[in-house]
Student: 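Got a structure here, written out as structure tokens. Questions coming.
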2 protein chains.
Amino acid sequence: MADKGAIPDIPKDDAMLALDRQLCFAIYSAAHAFNRTYKPLLEPHGLTYPQYLVLLSLWQDDARTVKALGEALHLDSGTLSPLLKRLEASGYIARTRDRADERQVLITLTGKGKEMKASAHGILMEIGKASGCSAEELGALGTALKALADNLRARHEPDPAGQPENVLAK
Amino acid sequence: MADKGAIPDIPKDDAMLALDRQLCFAIYSAAHAFNRTYKPLLEPHGLTYPQYLVLLSLWQDDARTVKALGEALHLDSGTLSPLLKRLEASGYIARTRDRADERQVLITLTGKGKEMKASAHGILMEIGKASGCSAEELGALGTALKALADNLRARHEPDPAGQPENVLAK
DNA sequence: CGAAATCATATTGCGCGCAATTGAATTTTG
DNA sequence: CAAAATTCAATTGCGCGCAATATGATTTCG
């Protein structure tokens, strides 16, 4: 059926594989490039990139539970528990059991953790220069990526307060 | 000096921190969202996402050294060596010492590795649907991300065949 | 009230990702 | 030609990232 007729579809599939490769590589290696760019700037402070993300989140909203942090960062306790212990050991945060509900652990910034916010501005300048993009471009890129990530996540997460979806379940 | 004069600059810095947070989170979580989306599709084949990226690269160019693969994927031997051993154990690739230069190891696709390319097309369709973006949008996003990653990398890598840079060294 | 279900965090196991080191092969140099 | 420098791959150690499981604490229900 597709012996030598107009445009066999194998090339089309290959083109799609090429597109897949391009986007997979692009996101994968952009994330790692970010990581590698931040690393030498964070190292003097004894911080890793994921730990810096936790601080970024806490600078916006201090005193949150592990669960709340995990939802903001899309990370589970398996990742956060040891990470937060290390952040505590470095003196950036404090972990205190909620007296009212002993299941929960409250994460709060220490003085050192709050002071680090000032240093972050300097780090930020370096990244801005390294990226070679304007603030507008970076903002637009962030928006596009967030939309993409949200779409992908919608496949996996149980629709938190979105559509009523299937009311018949259970 | 900046007691109540026109527009103190603390808010501006905070706005930049917010931008930083947005882009850091966006790339970070887009990468993880990709990972999580591919995982259930690759699991039946006994593949991880980084292993799939290696296959994508080999489908384009088979029979390459570990070093060449590492340059294409921006990964070093510390990551690739164990990963390639697992890919060999799963039967997707073969690792053979180069007879001419015994330092090098050639990575080649097995029959199973080549056959997997066909299944990849099906996986691709799923991702396309999950992303909720058109091929054009995904392509544009990939291009923007690649440019960003290249800019970031330019800070770290010693300019491979780019500008002559500093000819005086050594 | 008390057993069962649910919830929040911690732990374990495995696969990256990367810096630093090692070991063997090859090239460069004296 | 032999010693030194370089190159390629593998190994080690540590920090994620996530699934699966474990451990208490709290809520729900009978």
Side-chain angles (χ1 to χ4, degrees), chain A residues 24-25 28-40 42-43 46-54 64-71 73-90 95-107 153 156-158 170, chain B residues 24 28-40 42-43 46-54 64-71 73-90 93 95-107 153 156-158 170:
Chain A
C24 286
F25 281 7
Y28 178 80
S29 76
H32 291 159
F34 246 78
N35 210 316
R36 281 191 287 260
T37 304
Y38 272 94
K39 177 177 269 236
L42 294 173
E43 211 149 53
L47 285 171
T48 66
Y49 183 60
Q51 288 168 11
Y52 173 70
L53 291 182
V54 168
R64 320 177 42 197
T65 63
V66 173
K67 182 177 175 56
L69 267 174
E71 282 167 357
L73 298 163
H74 304 295
L75 293 175
D76 67 4
S77 70
T79 300
L80 279 177
S81 286
L83 187 156
L84 293 172
K85 278 194 174 178
R86 282 185 283 269
L87 267 182
E88 183 186 39
S90 327
R95 291 160 60 248
T96 52
R97 285 270 161 199
D98 186 331
R99 202 78 64 82
D101 183 343
E102 296 250 342
R103 286 173 305 182
Q104 304 187 110
V105 171
L106 269 175
I107 307 298
R153 250 191 301 279
H156 302 294
E157 285 178 11
K170 188 179 183 184
Chain B
C24 286
Y28 180 79
S29 74
H32 291 158
F34 246 79
N35 212 317
R36 281 192 286 261
T37 304
Y38 272 93
K39 178 178 268 237
L42 293 172
E43 211 150 54
L47 286 171
T48 66
Y49 183 61
Q51 288 168 12
Y52 174 69
L53 291 182
V54 168
R64 316 169 54 191
T65 64
V66 173
K67 181 177 176 57
L69 266 175
E71 282 167 359
L73 298 163
H74 304 293
L75 294 174
D76 68 2
S77 69
T79 300
L80 279 178
S81 285
L83 186 156
L84 293 172
K85 277 193 176 180
R86 282 186 283 271
L87 267 182
E88 182 185 39
S90 325
I93 64 167
R95 292 160 59 249
T96 52
R97 285 270 162 199
D98 186 331
R99 202 79 64 83
D101 184 343
E102 296 250 341
R103 287 173 304 182
Q104 304 188 110
V105 171
L106 270 175
I107 307 298
R153 249 191 303 278
H156 302 295
E157 287 179 9
K170 188 181 183 183

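Throughout, protein chains are lettered first and strands after them, A, B, ... in sequence-line order, and every chain is numbered starting at 1.
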Student: Nearest to the side chain of B:P82 - C:dC18, D:dT11, D:dG17?
Tutor: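 Ranking C:dC18, D:dT11, D:dG17 by closest atom to the B:P82 side chain puts D:dT11 first.
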Student: Please state whether the phosphate of D:dT11, meaning OP1 or OP2, lies under 4.0 angstrom from any side-chain nitrogen or oxygen of B:K85.
Tutor: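 True: B:K85 side-chain N/O within range (under 4.0 Å) of D:dT11 OP1/OP2.
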Student: Below the 4.0 Å mark, does C:dC16 have OP1 or OP2 next to a side-chain nitrogen or oxygen of A:Y28?
Tutor: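 The answer is no; no side-chain N or O of A:Y28 sits under 4.0 Å from OP1 or OP2.
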Student: Does a nitrogen or oxygen in the side chain of B:T48 sit under 4.0 Å from OP1 or OP2 of C:dC16?
Tutor: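 Checking B:T48 against C:dC16: at least one side-chain N or O falls below 4.0 Å of OP1 or OP2.
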Student: Once you apply a heavy-atom cut-off of 4.0 Å, does A:A68 come out as touching a base, just sugar-phosphate, or nothing?
Tutor: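 Touches nothing.
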Student: Is any side-chain heavy atom of B:R153 less than 4.5 Å from a side-chain heavy atom of B:H74?
Tutor: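 A side-chain contact exists here, since the closest heavy-atom pair is under 4.5 Å.
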Student: Between B:L73 and B:V54, what is the shortest heavy-atom contact and its length?
Tutor: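 Looking at all heavy atoms of both residues, the closest pair is CD1-CG2, 3.7 Å.
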Student: Tell me whether the OP1 or OP2 atom of D:dT27 has a side-chain N or O from A:R103 closer than 4.0 Å.
Tutor: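 It does not, given that no N or O in the side chain of A:R103 lies less than 4.0 Å from OP1 or OP2 of D:dT27.
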Student: Classify A:D101 by what it touches in the nucleic acid, base, sugar-phosphate, or nothing, heavy-atom distance under 4.0 Å.
Tutor: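 Sugar-phosphate, no base atom in range.
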Student: Among A:D76, A:L84, A:L106, exactly one meets side-chain contact (heavy atoms from CB on, under 4.5 Å) together with A:V66. Which residue is that?
Tutor: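 Only one option passes, and that is A:L84.
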Student: So A:A31, base contact, sugar-phosphate only, or nothing? Heavy-atom distance under 4.0 Å.
Tutor: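 The residue A:A31 makes no contact with any strand.
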Student: Look at all strands and tell whether B:L80 reaches a base, only sugar-phosphate, or nothing, counting heavy atoms closer than 4.0 Å.
Tutor: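 Contact class for B:L80: none.
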Student: Quick check on DNA chain C: between B:P50 and A:K39, whose nearest nucleotide comes earlier from the 5' end?
Tutor: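 Result: B:P50.
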Student: Of A:R86 and A:D98, whose nearest nucleotide on DNA chain D comes first from the 5' end?
Tutor: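 The residue mapped nearer the 5' terminus is A:R86.
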Student: Can you check whether B:Q104 has a side-chain N or O nearer than 4.0 Å to OP1 or OP2 of C:dT26?
Tutor: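 So the side-chain polar atoms of B:Q104 never come under 4.0 Å of the phosphate oxygens OP1 or OP2 of C:dT26.
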Student: Using a cut-off of strictly less than 4.0 Å, decide whether B:K67 has a side-chain nitrogen or oxygen near OP1 or OP2 of D:dA10.
Tutor: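 Indeed not, no polar side-chain atom of B:K67 lies that close.
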Student: So do B:Y28 and A:F34 actually touch side chain to side chain, heavy atoms under 4.5 Å?
Tutor: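 A:F34 vs B:Y28: side chains apart.
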Student: Do A:R64 side-chain atoms and A:L69 backbone N/O form a donor-acceptor pair below 3.5 Å?
Tutor: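 Looks like no, no N/O pair under 3.5 Å.
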Student: Can you tell me if B:S77 touches the phosphate of D:dA9, counting only side-chain N or O atoms and a distance under 4.0 Å to OP1 or OP2?
Tutor: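 Answer no for this pair, as no side-chain N or O of B:S77 is under 4.0 Å from OP1 or OP2.
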Student: Need to verify one output field. Residue with the more 5' nearest nucleotide on DNA chain C, B:A100 or B:G78?
Tutor: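 Its nearest nucleotide lies further toward 5', so the answer is B:G78.
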Student: Please determine, for the side chain of B:D76, which listed nucleotide (C:dA19, D:dC18, D:dT26) has the closest atom?
Tutor: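 It is C:dA19.
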Student: Check every atom of C:dA10, D:dT26, C:dC18 against the side chain of A:H32 and return the nucleotide holding the closest atom.
Tutor: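 My answer, after comparing the listed nucleotides, is C:dC18.
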Student: With respect to the side chain of A:R97, which nucleotide from C:dC18, C:dA10, C:dC16 is positioned closest?
Tutor: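 Nearest nucleotide to the side chain: C:dA10.
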Student: Within this structure, what is the CD-to-P distance between B:E102 and D:dA10, rounded to whole angstrom?
Tutor: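 Value for this atom pair: 13 Å.
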Student: Kindly point out which of C:dG15, C:dA25, D:dA9 is positioned nearest to the side chain of B:S81?
Tutor: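 Nearest listed nucleotide: D:dA9.
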Student: Would you say that B:L53 contacts B:Y38 through its side chain, given a criterion of any heavy-atom pair below 4.5 Å between the two side chains?
Tutor: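 With C-beta onward as the side chain, the pair stays apart.
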Student: If only side-chain N and O atoms of B:R99 are considered, is one of them under 4.0 Å from the OP1 or OP2 phosphate oxygen of C:dA25?
Tutor: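 Indeed not, no polar side-chain atom of B:R99 lies that close.
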